[in-house]
Amino acid sequence: MLTSKQRAELRAQANGLDTILMVGKGGVTEQVVAEANTVLDARELVKGRVLESALLSAREVSDALCAATGAEGIQCVGSKFVIYRRSPKLEARRQAEALKAKAARKVNPVRAGVQARRKAAKAAREQRNEYFRQAAIAAAKERKK
C-alpha cells in the first residue's frame with residue numbers, strides 16, 4: 001500500500017513516460033496481463049491507454065490489471081492509466097548501485113588516521129590485558145601447588 005506522497009511522486013515520474021500498454025476492444029485478456037507483467041518487471045511504472053473501441057473505462061482496466069498482476073493503480077485520467085509494482089530485479093540493481101556509490105565516497109584522511117590509531121591502541125590494550133590475564137592464571141596455579 002502506497003502513501004499519498006509516494007503516489008504523488010510516482011505520478012510525477014509518470015508524466016514523462018510514453019504510453020506502452022494498449023488495451024483494445026478485446027478488453028483485459030491473458031495476453032494483455034502477460035504483457036503488463038513483463039513490462040512491470042522491466043520498468044516498475046507503466047503508463048497504459050484504453051482505446052476508444054474498448055467497452056471498458058480506464059479505471060476498470062486499471063483495476064482489472066492491478067488485480068491480475070498484483071500492481072497498484074496510481075492514476076487514471078481520461079483514457080490513460082498508470083500502474084506500479086516493485087520489481088525485485090530492479091530493487092537488487094538499485095541496492096548494488098547504492099553499495100558502489102557508498103564504496104566510491106571520498107575518504108577523509110584525517111578521520112581514517114584517527115580510526116587506524118584507535119584500532120591499533122585497542123589491539124595493544126587487548127594484547128596487554130590478555131598477557132596479564134594469562135600471568136594471573138599462571139600465578140594462581142603456582143599458589144595452588
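- When all heavy atoms of Leu45 and Ala14 are compared, the closest pair comes out as CD2-N, 3.9 Å.
- For Glu30, the CD atom sits in a loose shell: 12 or fewer heavy atoms of surrounding residues, nucleotides or ligands are nearer than 6.0 Å.
- Two residues are said to be in side-chain contact when any heavy atoms from C-beta on lie closer than 4.5 Å; Val50 and Ser57 fail this criterion.
- Glu72 is not listed as a side-chain neighbour of Leu10, based on a closest heavy-atom distance of 4.5 Å or more.
- With rounding to the nearest 0.5 Å, the separation of CD in Gln75 from CZ in Arg59 is 9.5 Å.
- Each of Ile83, Val28, Leu56, Ile74 was evaluated against Ser62; a single residue qualifies, Ile83, per the side chain to side chain contact (heavy atoms under 4.5 Å, CB included) test.
- Residues Glu35 and Leu21 form a side-chain contact, since some pair of their non-hydrogen atoms from C-beta on lies under 4.5 Å apart.
- Note on Phe81: it does not cluster hydrophobically with Met22, by side-chain heavy-atom contacts below 4.5 Å among ILVMFWY residues.
- Around CZ of Arg7, the count of heavy atoms belonging to other residues, nucleotides or ligands within 6.0 Å exceeds 12.
- Residues Asn15 and Lys47 come closest through the heavy atom pair O-NZ, 3.7 Å.
- Summarising the geometry, atom CG belonging to Leu40 is positioned 4.5 Å from atom CZ belonging to Arg85; distances are rounded to the nearest 0.5 Å.
- There is a path of hydrophobic side-chain contacts, each under 4.5 Å, that joins Val23 to Val33.
- Electrostatic pairing of Glu97 and Arg94 does not count as a salt bridge here, judged by no charged N lying under 4.0 Å from a carboxylate O.
- Nearest approach of Ala58 to Gly78, heavy atoms of both residues: CB-O, 3.5 Å.
- A 6.0 Å sphere centred on CD1 of Ile137 holds more than 12 heavy atoms belonging to other residues, nucleotides or ligands.
- Lys80 NZ to Cys76 SG: the interatomic distance, rounded to the nearest 0.5 Å, is 13.0 Å.
- Among all heavy-atom pairs drawn from Ser53 and Gly24, the shortest one is OG-C, 4.3 Å.
- By the 4.5 Å heavy-atom criterion applied to side chains, Glu130 and Arg133 are counted as neighbours.
- Val32 places a side-chain heavy atom less than 4.5 Å from the side chain of Leu65.
- Taken from CG in Leu2 to CD in Glu9, the straight-line distance is 11.5 Å, to the nearest 0.5 Å.
- By the neighbour-count criterion of 12 heavy atoms within 6.0 Å, atom CD of Gln31 is sparsely surrounded, having that number or fewer from other residues, nucleotides or ligands.
- A pairwise comparison of heavy atoms in Leu55 and Glu60 identifies O-OE1, 4.5 Å as the closest pair.
- Considering OG of Ser87 and CG of Asn37, their distance stands at 11.0 Å, rounded to 0.5 Å.
- Atoms OH and CD, from Tyr84 and Gln6 in turn, are 8.0 Å apart once rounded to the nearest 0.5 Å.
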